[in-house]
Amino acid sequence: ADIEEKRGFSSYFVFVIEVKTKGGARYMIFRRYRQFYNLHNKLEENYGAENKNSRFNCTLPILPGKVYVGAKREIAESRIPLLNMYMKKLLSLPAWVLLDEDVRLFFHQSDFDSEQIPQGLRRLRPRTRRVKSISPQEPGFDRLAAPRAEALFDFTASTKLELSFKKGDLIYLLSRINKDWLEGTVRDATGIFPCAFVTIIRDLPQEEDPINWLRCYYHDDNVSTIRDISVEEDLSSTPLFQDLMELVRREFKRDDIALNYRDAEGDLIRLLSDEDIVLMVMQGRSWPFEKNIFPWKLHVTQQDDYSVYNPAGPAVST
């Protein structure tokens, strides 16, 4: 249906996919290209035409290849029609492929998928929740305190998800779907509608900031500064070394840096691989927790400065 940019330890795009079942149900899943790529490799291994050890061989659809040059958004945009064609052909393969566990998991709506809110779907209207309508006649209902908007124009729903109203109608707001669409209720009907058709009288309360912060200590010429970098990653997540390196280089606008953490004895340990990151994250779980700040901290030093690791002791070669 669309692409969305996600900000984490590294900026990336996900493809927003609407899945329709035979029973008529619909739901959204969010997949990165690498997930398409990994699925295709597993299918090639199990069912590819060149697999001589399996009697369940078939001709698999062609997956658009990796692209290493160009803007991420343009690359993702260009892949939308190709990936749509790939998925349609994939779901037309023999039943033994469709029953494969990797295929079923790929199209399954995970907890992560169900928690996502589409930011602005161009090919689909966003979903609405099935909720009880707000009635101003209910006991205890506070008309002045309720989030509400007044209709500037008539709006006629084009799908069952949308809310029809007339110019001048008072619409009580339930949620903000994205920057262009709201969800509300009027005359015992609930649905979504474009923000441009109403004027806000009392806005919805601001949602809690989902941003978490990565604390960095930058060491240069015996001077240390602290900088917090915002990332939309869960505090329990473990980044890849390369993603973490790109994030810090971009933030400090320097390439000649090294990433480190302090061990239990207070010594700096240089990070060189994903395995080092795992050890840092494991150790960080034992440190005191601060709200919205990762328990592990980064110490950023100059790439060629090895004196920070054992400044008081003898030189050590490895």
Side-chain angles (χ1 to χ4, degrees), residues 3-17 29-42 45 63-76 79 83 102 105-106 110-113 115-116 210-219 227-263 268-287 289-290 292-304 308-309 318:
I3 57 170
E4 284 185 8
E5 186 173 16
K6 298 291 185 181
R7 287 191 306 128
F9 296 108
S10 178
S11 177
Y12 62 91
F13 282 89
V14 294
F15 296 93
V16 188
I17 303 163
I29 60 175
F30 298 74
R31 299 290 181 265
R32 298 181 66 169
Y33 174 79
R34 69 169 60 163
Q35 293 172 281
F36 280 95
Y37 185 81
N38 291 339
L39 172 66
H40 188 78
N41 282 345
K42 291 178 180 178
E45 183 179 338
L63 178 72
K66 289 186 175 182
V67 179
Y68 298 96
V69 179
K72 291 182 181 180
R73 178 176 292 277
E74 293 176 0
I75 293 171
R79 280 176 171 162
L83 289 177
D102 290 314
L105 285 175
F106 182 88
S110 66
D111 291 340
F112 169 81
D113 295 323
E115 292 169 357
Q116 302 302 301
I211 300 295
N212 290 319
W213 300 90
L214 170 59
R215 179 153 294 169
C216 294
Y217 298 88
Y218 183 71
H219 306 276
R227 184 177 302 182
D228 289 338
I229 304 175
S230 64
V231 288
E232 291 185 0
E233 297 281 353
D234 187 84
L235 292 177
S236 62
S237 61
T238 301
L240 297 175
F241 171 75
Q242 193 59 43
D243 289 345
L244 204 57
M245 198 70 173
E246 289 179 8
L247 172 69
V248 177
R249 282 173 173 168
R250 187 168 63 246
E251 181 69 21
F252 288 94
K253 296 181 174 60
R254 297 192 65 160
D255 291 331
D256 58 338
I257 58 174
L259 304 183
N260 313 267
Y261 71 98
R262 288 201 184 278
D263 64 9
L268 283 184
I269 307 297
R270 179 171 286 199
L271 298 166
L272 298 172
S273 66
D274 292 339
E275 289 75 17
D276 294 336
I277 299 289
V278 171
L279 291 174
M280 175 185 69
V281 172
M282 288 179 60
Q283 178 178 292
R285 291 172 184 157
S286 63
W287 296 105
F289 177 80
E290 298 179 72
N292 295 119
I293 296 181
F294 284 87
W296 43 272
K297 311 294 189 293
L298 284 182
H299 291 260
V300 184
T301 61
Q302 299 306 300
Q303 193 173 43
D304 297 329
V308 296
Y309 300 108
T318 57

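Numbering starts at 1 and runs along the sequence shown.
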| message | Using a 3.5 Å distance criterion without hydrogens, assess whether the side chain of D256 forms a donor-acceptor pair with backbone atoms of Q303. | response | no
| field | Full working for salt bridge (Lys or Arg N to Asp or Glu O under 4.0 Å) between D113 and R31 | value | CA-CA 9 Å; D113 295 323; R31 299 290 181 265; 3.1 Å; yes
| Main-chain N/O of V231 paired to N212 side chain as donor or acceptor, under 3.5 Å | no
| query | Heavy-atom distance under 4.5 Å between the side chains of L247 and L214, does that happen here? | reply | yes
| query | Can you tell if the side chain of W296 reaches within under 4.5 Å of the side chain of Q283, non-hydrogen atoms only? | reply | no
| Do V281 and R285 have side chains that get closer than 4.5 Å, going by heavy atoms? | yes
| Do you know which two heavy atoms are closest between I257 and M245, and how far apart they sit? | O-CE, 3.1 Å
| said: Using every non-hydrogen atom in the two residues, find where F15 and A76 come nearest and quote the distance to one decimal. | reply: CE2-O, 3.4 Å
| query | Should the ring pair H219 and Y217 be called parallel, tilted or perpendicular, given that the plane angle runs from 0 to 90° and is split at 30 and 60? | reply | parallel
| query | What distance separates I293 CD1 from L235 CG, expressed to the nearest 0.5 Å? | reply | 9.0 Å
| said: Contact between R262 and L268 at the side-chain level, heavy atoms closer than 4.5 Å - yes or no? | reply: yes
| query | Are any of the side-chain heavy atoms of I269 and L279 separated by less than 4.5 Å? | reply | no
| task | For R79, enumerate each residue passing the salt bridge (charged side-chain N to carboxylate O under 4.0 Å, His left out) test, keeping only those at least two apart in sequence or located in another chain. | result | none
| message | Quick check for you: to the nearest 0.5 Å, what is the distance between F13 atom CZ and R73 atom CZ? | response | 4.0 Å
| task | For residues G284 and P295, report the shortest heavy-atom separation together with the two atoms involved. | result | O-CB, 3.2 Å
| said: What's the separation between atom CG in D243 and atom OG1 in T238, rounded to the nearest 0.5 Å? | reply: 12.0 Å
| query | Looking at side-chain heavy atoms only, is the closest gap between Q302 and R254 below 4.5 Å? | reply | yes
| said: Could you check whether any side-chain heavy atom of L271 comes within less than 4.5 Å of a side-chain heavy atom of I277, counting everything from C-beta outward? | reply: yes
| said: Between R227 and E251 (side chain of the first, backbone of the second, donor and acceptor by atom type, cut-off under 3.5 Å), is there such a pair? | reply: yes
| request: Grab the two heavy atoms, one from F294 and one from S237, that are nearest each other, plus how far apart they are. | output: CE2-OG, 4.0 Å
| said: If I take atom NZ from residue K72 and atom CD1 from residue I3, how far apart are they, to the nearest 0.5 angstrom? | reply: 12.5 Å
| query | Between the side chain of Q35 and the main-chain N/O of R32, is any donor-acceptor distance below 3.5 Å? | reply | yes
| field | Atom pair NE2 (H40) and CD (E45), whose distance is rounded to the nearest 0.5 Å | value | 12.0 Å
| query | Do N260 and Y309 come close enough that some side-chain heavy atom pair is under 4.5 Å? | reply | yes
| request: Report, as yes or no, whether the 6.0 Å neighbourhood of atom NZ on K42 holds more than 12 heavy atoms from other residues, nucleotides or ligands. | output: no
| message | Between D276 and Y261, do the side chains contain a donor N or O and an acceptor N or O under 3.5 Å apart? | response | no
| task | Name the orientation class of the two ring planes belonging to F112 and F30 (parallel below 30°, tilted from 30 to 60°, perpendicular beyond 60°). | result | perpendicular
| query | Atom CG of D102 and atom CG of N41: how far apart are they, to the nearest 0.5 Å? | reply | 11.0 Å
| request: Verify ring-ring contact (aromatic ring centres under 6.0 Å, His included) between F36 and F106, making sure each step is shown before the conclusion. | output: CA-CA 8 Å; F36 280 95; F106 182 88; 4.9 Å; yes
| task | Report the C-alpha separation of L259 and L272 in whole Å, then their side-chain angles, then the decisive distance to 0.1 Å, and conclude whether the side chain to side chain contact (heavy atoms under 4.5 Å, CB included) test is met. | result | CA-CA 8 Å; L259 304 183; L272 298 172; over 6 Å; no
